Structures are given as structure tokens and as C-alpha cells.
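The structure under discussion appears below in the form of C-alpha cells.
For reference, positions follow the sequence shown, starting with 1. Because the structure is a prediction, the values reported are computed rather than measured.
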Amino acid sequence: MLSRKGIIPEEYVLTRLAEDPAEPRYRARERRARFVSKKGNCNVAHKNIREQGRFLQDVFTTLVDLKWPHTLLIFTMSFLCSWLLFAMVWWLIAFAHGDLAPGEGAAVPCVTSIHSFSSAFLFSIEVQVTIGFGGRMVTEECPVAILILIVQNIVGLMINAIMLGCIFMKTAQAHRRAETLIFSKHAVITLRHGRLCFMLRVGDLRKSMIISATIHMQVVRKTTSPEGEVVPLHQVDIPMENGVGGNSIFLVAPLIIYHVIDSNSPLYDLAPSDLHHHQDLEIIVILEGVVETTGITTQARTSYLADEILWGQRFVPIVAEEDGRYSVDYSKFGNTIKVPTPLCTARQLDEDRSLLDALTLASTRGPLRKRSVAVAKTKPKFSISPDSLS
């Protein structure tokens, strides 16, 4: 109506009617994409690879990396194709020698009992799989047949070795063992020995040990160099601390691995207000070692985004001594409790140690104050009057 009177232009009215009122006009910022998932898979897609032939130069690794349906298909087709190929060769030998339609008083055939392609295919399977039913065999009449027999046996052994090796390697891959190496769902930042520390918990569910286990951590974030170069995935190693020192760990029971946030740490300026899902921060944890039972090197990975780091919390103890041995309660593996922690960066804490002294004083006075208030509120069960004393 207003457009008819000339108050509002008609183009503006049509534009407003075309908009969907249910669609939000402002979209929230999406969460940062993971570089490494919680299960350890790398979130990287390889595109526009021009030199595809490089994968064929390492056929064995390519076959092992394939998915199981593709591997089983190649396994089946390799045997079928080889049987069909040599069946055609045996049929041609019999055809050239005249063994397919022998007459009376014919010469000795190259291969007995081959009268069609089906019988040649059966003989090819018998030769390569070494079944030997006894109905067909190579004679000394044709040296070419003896040569083909040798070649088919060698080819069959090579196919068996390659395909069985691929099946074995796929069933014994290292990432299968990594399924029982677990990390805590959240990491924490709290005080230890008067310093802010980044902590996480790692454990092994199996009784068989991981020999020479080492753990590494990296911070992945987007950075820009002074020259203006943008590095989308800048990786920085950060040192780890554990009970035995260094990166080597003795993973018999769950351990709390921690990193001291000092002046050399990339987390030196990390504040509690930065721990949200918009922050461009990801901490990757890599556990590597040798499987005790198989001797194969395995690797377990996980990552923590900024909103998966809890400030001012600490992992609860899960190892206790019972009946002369240590028991682990995995139901509390990722449980944390709140502890007094300064709400400042590690840089600010190093520059002003009074923040730590005030936090220590408040934590020591808190229980006493509550206890004194509770004692003051309690009423005595009896009282002594001055008359009783006289």
C-alpha cells in the first residue's frame, strides 16, 4: 500500500519480502578446525597431486595403506588373473601341439587330460596352488611346457609372499595398539611448585608395556612473521616434565605429564580469558614407543583446543595401594577438582610474585575462618552458672 502511494520505493519492498525472516542475519564464528583429532587422525586433505606414479613406486606400502575392501579385492583378483593368464598359456600349448582333439595313434601330449579351456584353467590352479589331483600332468614331450611350469610356480610364490605380507601387516598395524593408549579428555593449567604448569594425564589399558616410551608436545597456531609471511600451521616444540625426567616415561600406571610455563614457553602469555573456542590455539601430544609383544613401533596422538584446557583445576588421584599392590581406578581418569590458581598469565606471575603470596595466604585462612564461624554458631549443650560454683 505504501509503495502504491509512492512513500516507499517498490524495489525496496520486493527486496524485503524476498528475505527469510527465520534465517539469522549474523552468524557466530565457527570453531577452529583441528589439525589432529582427539582420536589421533590428522585432519589434512591432500588435493591436486599430479605425480600419482610415485605411489606405484612403493607398491607394498600402497597396498598396506588401502582400506580392507580394496585390499581383499586386489588379493582375489591377483590370483584369478594369474590363473586365467596361465590357463590361456596352457590352452595355447595344447592347441599348438594338437592335444585338444587327438586322433587314434596320436603322439604323447604336452599335458595330459587337457581337452578344453576349462580343463586348462583347472590345471593352472593345480599347478599354482600345488593341489595335484593326479588327473593332469606335464610330460617330457614339450620343453616349453616344462619352462611354463617353472615360471608359474615362481610367479605364484611371489604373489603369495606379497599378498600374505600385506594381510599380516594390515592386521598387525601399530595404530591398533594405540587404541588402548588413552589421554585425558581435558588438559589443566594449575600451580605446581609455585609455577603455572600445563598438565595432562596419559595411561595404558593393557598389561603389556610400551618399551622406550617417549612423549612430545607441540603448539600449533597461525602466526605472521615480521616480513608479513602468514604461516597457517606454525609448530613449536615445548618441553615436557614427568616423574623420571626428560621425555622418556615408564608407563606402568597412569602418569600426569606437565609442562612448566616459563619465559621460554609459547604459553607464557596465555590468560584464562583466552581459553575459548575462538582462540587460535591447539596443543598436540604424541606418545611413541615399541610394543613389548610384537616389537613394532606404535604412536598415539591427541590434541587439545583452547576450550578443552581447564584453568585452575587439578587431576584427582586414581592410584591407591590395596592388598599389597597398587590399583588404578580408571573411572576417575579424567576427573578434576578446582584448586586455588592465580587468574593471570605466567608472565604477570613472574613479574609480581605477590599474587602467589596472596593466593597462598587466602587458601590457608579460608578453612580456619570457616571453622571459626562454625564453632561460633554452635550452641553449648550445657552451661555452668555462678550459683553452682558457690
Side-chain angles (χ1 to χ4, degrees), residues 46 49-177 208 290-298:
H46 300 277
I49 301 177
R50 297 180 180 179
E51 299 181 2
Q52 298 286 346
R54 291 181 176 269
F55 295 98
L56 298 179
Q57 295 179 3
D58 188 6
V59 179
F60 187 79
T61 305
T62 303
L63 292 176
V64 173
D65 290 340
L66 291 176
K67 296 182 179 180
W68 271 108
H70 299 160
T71 302
L72 295 178
L73 178 62
I74 295 176
F75 180 83
T76 305
M77 293 304 298
S78 62
F79 284 103
L80 287 177
C81 292
S82 63
W83 294 339
L84 289 172
L85 175 63
F86 283 99
M88 180 62 68
V89 174
W90 290 118
W91 184 84
L92 290 176
I93 291 175
F95 178 78
H97 195 259
D99 300 334
L100 297 180
E104 297 181 358
V108 179
C110 294
V111 181
T112 60
S113 302
I114 289 185
H115 307 292
S116 62
F117 183 79
S118 298
S119 58
F121 181 72
L122 291 175
F123 180 71
S124 176
I125 297 176
E126 293 176 13
V127 170
Q128 190 163 331
V129 188
T130 64
I131 296 177
F133 292 115
R136 302 174 183 85
M137 65 178 181
V138 179
T139 63
E140 66 275 8
E141 182 70 18
C142 302
V144 178
I146 300 175
L147 179 62
I148 296 300
L149 178 66
I150 297 174
V151 172
Q152 185 173 4
N153 277 279
I154 295 175
V155 172
L157 290 175
M158 292 178 62
I159 294 176
N160 288 335
I162 294 175
M163 299 311 301
L164 292 179
C166 291
I167 298 297
F168 172 76
M169 291 301 298
K170 286 187 70 66
T171 55
Q173 280 184 341
H175 65 84
R176 302 296 180 186
R177 179 61 176 87
S208 58
V290 179
V291 182
E292 183 181 23
T293 54
T294 61
I296 300 176
T297 303
T298 184

For T112, all residues meeting side-chain hydrogen bond (donor to acceptor under 3.5 Å, both in side chains), sequence neighbours excluded
none
Non-neighbouring partners of T62 that pass side-chain contact (heavy atoms from CB on, under 4.5 Å), sequence neighbours left out
F55
List, one per line, each side-chain donor-acceptor pair under 3.5 Å for residues 86-98, sequence neighbours excluded.
{"residue": "W90", "atom": "NE1", "partner": "Q152", "partner atom": "OE1", "Å": "3.0"}
{"residue": "H97", "atom": "ND1", "partner": "D99", "partner atom": "OD1", "Å": "2.9"}
{"residue": "H97", "atom": "ND1", "partner": "D99", "partner atom": "OD2", "Å": "3.4"}

Which heavy atom of S116 sits nearest a heavy atom of L100, and at what distance?
N-CD2, 4.2 Å
Atom pair CD/CG of Q128 and L157 - distance to nearest 0.5 Å:
9.0 Å
With rounding to the nearest 0.5 angstrom, report the CE to CE distance, M163 to M77.
11.5 Å
By disulfide bond (SG atoms under 2.5 Å apart), C166 pairs with (sequence neighbours left out) none
Are any side-chain N or O atoms of T297 and backbone N or O atoms of V290, one a donor and one an acceptor, separated by less than 3.5 Å?
no
Could you measure the distance from the CD1 atom of I146 to the CD1 atom of I148? Nearest 0.5 Å is fine.
11.5 Å
What is the distance from atom CD1 of I159 to atom CG of L164, rounded to the nearest 0.5 Å?
11.0 Å
Using every non-hydrogen atom in the two residues, find where I162 and F60 come nearest and quote the distance to one decimal.
O-CE1, 4.1 Å
Restricting to ring-ring contact (aromatic ring centres under 6.0 Å, His included), what partner residues turn up for F75, sequence neighbours left out?
F79
Which donor-acceptor pairs under 3.5 Å do the side chains of residues 64-73 make with protein atoms, sequence neighbours left out?
{"residue": "T71", "atom": "OG1", "partner": "K67", "partner atom": "O", "Å": "3.1"}

Would you find a donor on one side and an acceptor on the other, under 3.5 Å apart, between the side chain of S124 and the backbone of A120?
no
Can you list every pair that meets salt bridge (Lys or Arg N to Asp or Glu O under 4.0 Å) and has a residue in residues 129-158, with sequence neighbours left out?
E126-R136
Listing request: all side-chain hydrogen bond (donor to acceptor under 3.5 Å, both in side chains) pairs with a residue in residues 160-171, at least two apart in sequence or in separate chains.
none
Any pair with a residue in residues 64-99 that passes disulfide (SG to SG under 2.5 Å), sequence neighbours left out, goes on the list, sorted by first then second residue, please.
none
